Protein chains: 2
Amino acid sequence: MSDTNIIKDLKSKGLKLNNSRMQILELFLGNHRSHSAPELVELLKMKMDRATVYRNLNFFVENKILDQIQLQGETPKYELAALEHHHHLICKHCKKISSIQSKSLENALETTTNEIKDFTITDHVFEFYGLCKDCLNNEE
Amino acid sequence: MSDTNIIKDLKSKGLKLNNSRMQILELFLGNHRSHSAPELVELLKMKMDRATVYRNLNFFVENKILDQIQLQGETPKYELAALEHHHHLICKHCKKISSIQSKSLENALETTTNEIKDFTITDHVFEFYGLCKDCLNNEE
DNA sequence: ATTGCTGCAAATCCTTTGCAATGTA
DNA sequence: TACATTGCAAAGGATTTGCAGCAAT
């Protein structure tokens, strides 16, 4: 979905996009990366209050515009809600997050789901930690 | 590794197990489950200070006696450092955590690791959310 | 005597909340 | 007018820290 479609989609859901919400959304549309709440509060500190940032992040998550993702040992991050199912690669060195899709993983998930008898899996989170190419090259 | 071996292992690492540490460890050895810091603080509140609980949890994590695991939207939990590699099943209803091992998942992980060119995976976290048998039966 | 561990209280960080004021349909 | 959204300040929960005293080697 393109950026303008995201906005259309919001309106079709009857959601109101006022100034504050637009400014938060623009940050995400501008770089398609993930941001933590404290990071956004800092970026927007001259434009709106901390409470407004938090309230609108929650609003976006409730309305499935943003996903909240919780990586190991970090404060939650937000990213544009995934249209395609994907997983995260987190560089332990530079902390950059990239995403992947893997057919073999999804197949294995299906197998696992069927294997398990006394639990019904409805959702899953796979996270991969390691080193991105840049950090691997610029090794210290 | 058996419980007494865990303690031997600690000593062989030159780690000191004083009273406080022993009491914390006993909670984990007693039920082999995961506990959050606030939960442990509560359980141990007549025996030691909150700061001691936190300091020793960090001590155990640094020394790889406990693992810290961060589930979606919850405060971190601690569990005995995995002797066998495993993953977590989290019941969305009662929040109980159980663990699984899956050959197919590990195989898929290997395939994925090889597929990916510009990132070197060293660790991974797979979490499964859903409903446990009990909650599925006692449906509301 | 030196080093490490503890309790206590205060501080810090992240997030939420109450309330009065403002904006918008 | 009615309802949603904001800013501000305060509160809340989890975790860390400074410091003085105690424990152990």
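Throughout, protein chains are lettered first and strands after them, A, B, ... in sequence-line order, and every chain is numbered starting at 1. Predicted, not measured: the structure shown is a model, and the values here were computed from it.
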Extract all donor-acceptor atom pairs below 3.5 Å that involve side chains of residues 41-48 of chain B and protein atoms in other chains or at least two apart in sequence.
from	atom 1	to	atom 2	distance (Å)
B:Glu42	OE1	B:Lys45	NZ	3.3
B:Glu42	OE2	B:Lys45	NZ	2.7

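Residue A:Tyr54 has a polar side-chain atom (N or O) positioned under 4.0 Å from OP1 or OP2 of C:dT15. Applying the 4.0 Å criterion to OP1 and OP2 of D:dA14, one finds that B:Thr75 has every side-chain N and O outside that range.
Atom CG of A:Leu131 is separated from atom CG of A:Leu89 by 11.5 Å, given to the nearest 0.5 angstrom. To the nearest 0.5 Å, atom CZ of residue A:Arg33 and atom CD1 of residue A:Ile97 are 9.0 Å apart.
Between B:Phe59 atom CZ and C:dG4 atom P there is a gap of 12 Å when expressed in whole angstrom units. Between the CD atom of A:Glu39 and the C1' atom of C:dC14 there is a distance of 14 Å, rounded to whole Å. Between the CG atom of A:Asp49 and the P atom of C:dA20 there is a distance of 17 Å, given to the nearest Å. The distance between atom NE2 of A:His35 and atom P of C:dT15, rounded to the nearest whole Å, is 15 Å.
Looking at the side chain of B:Ala37, the nearest of the listed nucleotides C:dT15, D:dT15, C:dT17 is D:dT15. Closest approach to the A:Arg55 side chain among D:dC8, D:dT15, D:dA10 is made by D:dC8 (side chain taken as heavy atoms from C-beta onward). Closest contact between the side chain of B:Ala51 and the listed nucleotides D:dT17, C:dT15, D:dT15 involves D:dT17. Listed nucleotides C:dG4, C:dT6, D:dT15 differ in distance to B:Asn56; the shortest reach to its side chain belongs to C:dT6.
The stretch residues 17-25 of chain B touches DNA chain C through B:Asn18, B:Ser20, B:Arg21, each having a heavy atom under 4.0 angstrom from the strand.
Of the two residues near DNA chain D, B:Lys16 and B:Ser36, the one whose nearest nucleotide lies more 5' is B:Ser36.
Checked by atom type and distance alone, the side chain of A:Asn63 never pairs as donor or acceptor with a backbone atom of A:Ile65 at under 3.5 Å. Side-chain atoms of A:Tyr78 never come within 3.5 Å of backbone atoms of A:Leu40 as a donor-acceptor pair (strictly under, hydrogens ignored).
Scored by the ring-ring contact (aromatic ring centres under 6.0 Å, His included) test, A:Phe126 finds A:His87, A:His124, B:Phe126, B:Phe128 as partners (sequence neighbours excluded).
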